[in-house]
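The block underneath contains the structure these notes are about, expressed in structure tokens.
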Amino acid sequence: MNFERLLQQRLEALRREGRYRTFADLKRRRGFFPVADHFTAMGSREVTVWCSNDYLGMGQHPKVIAAMHEAIDLVGAGSGGTRNISGTTHHHVELEHELADLHGKEQALLFTSAYVANDATLSTLAKLLPGCVIFSDEKNHASMIQGIRHGGSEKRIFRHNDVADLEAKLKQVPRDAPKIIAFESVYSMDGHIAPISAICDLAEKYGALTYLDEVHAVGMYGPRGGGIAERDGVMGRVDIINGTLAKGFGVMGGYIAGTRDLCDAIRSYASGFIFTTSLAPAIAAGALASIRHLKVSSLERARHQERARALKKSLKERRLPIMDNQSHIVPVMVGCPIHCKAVTDTLLSRYGIYVQPINYPTVPKGTERMRLTPSPVHSDEQMATLIDALGELWAACPVPNGAYVKLAAE
Ligand code: PLP
């Protein structure tokens, strides 16, 4: 069998559909984000990054960087093992305490990423709760979908943010069956925000556990950065909170927070927790510094929201097709993978603006888009450059659905 040929054919199919992924080779400049150097065969060139998930710029915060340097100087580079075999360092223990406190939970458990945390926790819970049925929002992230699949339990998919549909589906399952409702607080591709309180009402009514992915909200919402559940005053009603240390907190890693027994059970049974080396202590130290800072400083959150509002306003004034929402995410609809890539390629080559095209399977076919992520460190000038560039591109080459579209679905 000619394996190479088969693989080439699969790659060719992606190219034909216009969704072959190319990665930009970037070197971020500390102290100057969102400016970075973009490396190509022709050399390097300065660009402005408009699609980073280092939402608050914490990846260059002096306290975070100092904590990481200090940890390396004190304890060296790696953790030296899995959590079970010498990889539980004091940095990990301190970070778990901080995270439990952030979410008002008894305990927290660290993973190497939020993807792993979702996969490991949902699959393990499904196996630990025989006869379990998982109710999953149709727009849930790939990591939750993977975890639910790995768990092998029955699943029911409810319409996005639709509590009536969720209730109809909960009613179909016997009251005494273990149930989990898995959903996100901020949906990263549309920027929609979940009705957490209404979902908790249903969970209480039908005896379900709630599993909330706050990956696109931790650090950024709530008085201490606890996420949308904290902002909405419902953190205590959510059973399990999943978060990342990689986006709002600017470092790397993931976690869950919940009861002592829940964390103990996942710690004891989840393969994705047990059989992998723990995060480097310096990463844990950087994340800890970031969380501590954002617990007491709302400056970054306020500026972040202001930047998002300003960008949305300017895009609307230019009649560019933004998908409106109540969050910090600014999706600009294109609706065709080839066009989407052409627009983002031109932004990069002609204007020095880096935005990654978002294609299937990240979003459904026909809804390809740009996903702009303004941060507190994007200046008015950088915003004006982006708006002018997009305006010029749309004027020269309007996309098929290029009129201003409002697709809000809170
Ligand atoms: N959950 C959601 C909703 C996400 O969008 C992502 C990543 O983008 C993850 C989980 C995984 O987070 P991490 O990058 O920490 O693995």
Side-chain angles (χ1 to χ4, degrees), residues 21 23 49 51-56 58-59 92 95-96 99 102-103 108-123 134 136-150 157 160-161 180-194 196 199 210-221 225 227-229 238 240-257 266 270 272-273 276-280 283-284 286-288 290-291 325 327-331 356-364 369 371-373 375:
R21 288 167 190 242
F23 301 155
V49 178
C51 58
S52 170
N53 280 339
D54 182 358
Y55 288 124
L56 298 176
M58 292 304 288
H92 297 89
L95 178 55
E96 284 178 341
L99 287 165
L102 176 67
H103 294 292
L109 195 64
L110 280 172
F111 294 81
T112 43
S113 72
Y115 185 106
V116 176
N118 273 336
D119 183 15
T121 307
L122 285 167
S123 60
I134 303 188
S136 175
D137 187 289
E138 67 178 334
K139 294 219 171 173
N140 273 346
H141 186 254
S143 53
M144 276 197 274
I145 296 170
Q146 193 76 341
I148 294 168
R149 272 200 199 119
H150 282 160
I157 295 169
H160 179 49
N161 276 352
I180 302 171
I181 304 172
F183 62 115
E184 298 179 24
S185 59
V186 176
Y187 286 83
S188 68
M189 292 301 144
D190 303 331
H192 299 156
I193 294 181
I196 302 177
I199 291 178
T210 41
Y211 183 97
L212 177 62
D213 175 319
E214 288 255 37
V215 160
H216 293 276
V218 287
M220 290 169 279
Y221 294 87
I228 297 287
V238 178
I240 308 165
I241 293 178
N242 162 282
T244 186
L245 304 170
K247 301 185 197 289
F249 295 124
V251 190
M252 188 191 177
Y255 63 91
I256 55 162
I266 302 302
F273 176 82
T276 187
T277 301
S278 62
L279 290 171
I283 288 181
L288 182 69
S290 184
I291 295 164
N325 60 50
S327 72
H328 58 281
I329 292 164
V330 185
Q356 191 67 10
I358 307 284
N359 292 331
Y360 176 83
T362 311
V363 293
R369 66 197 71 170
R371 176 180 176 273
L372 306 173
T373 51
S375 77

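One-based numbering, in listed order, for ligands and for the atoms of each. Counting from 1, the numbers follow the sequence of the chain as shown.
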>> Pair Asp54, Ser52 - check side-chain hydrogen bond (donor to acceptor under 3.5 Å, both in side chains), show working.
In response: CA-CA 5 Å; Asp54 182 358; Ser52 170; 5.1 Å; no

> Mind checking whether Leu110 and Leu95 have side chains closer than 4.5 Å, heavy atoms only?
Replying inline: yes

When you pair each N or O of ligand 1 with protein N or O atoms, which pairs come out under 3.5 Å?
residue, atom, partner, partner atom, Å
ligand 1, 1 (N), Asp213, OD2, 2.6
ligand 1, 5 (O), His216, NE2, 2.5
ligand 1, 8 (O), Lys247, NZ, 2.8
ligand 1, 15 (O), Ala114, N, 2.9
ligand 1, 15 (O), Thr244, OG1, 2.7
ligand 1, 16 (O), Ser113, OG, 3.4
ligand 1, 16 (O), Ala114, N, 3.3
ligand 1, 16 (O), Tyr115, N, 2.9

>> Among His192, His160, His141, exactly one meets ring-ring contact (aromatic ring centres under 6.0 Å, His included) together with Tyr187. Which residue is that?
In response: His160

> Of the non-hydrogen atoms in Ile134 and Ala182, which two are nearest, and what is the gap between them?
Replying inline: CG2-CB, 4.3 Å

> From Ile291 CD1 over to Leu245 CG, what is the distance, rounded to the nearest 0.5 angstrom?
Replying inline: 5.5 Å

>> For a 4.5 angstrom cut-off between non-hydrogen side-chain atoms, does Lys139 reach Asn161?
In response: no

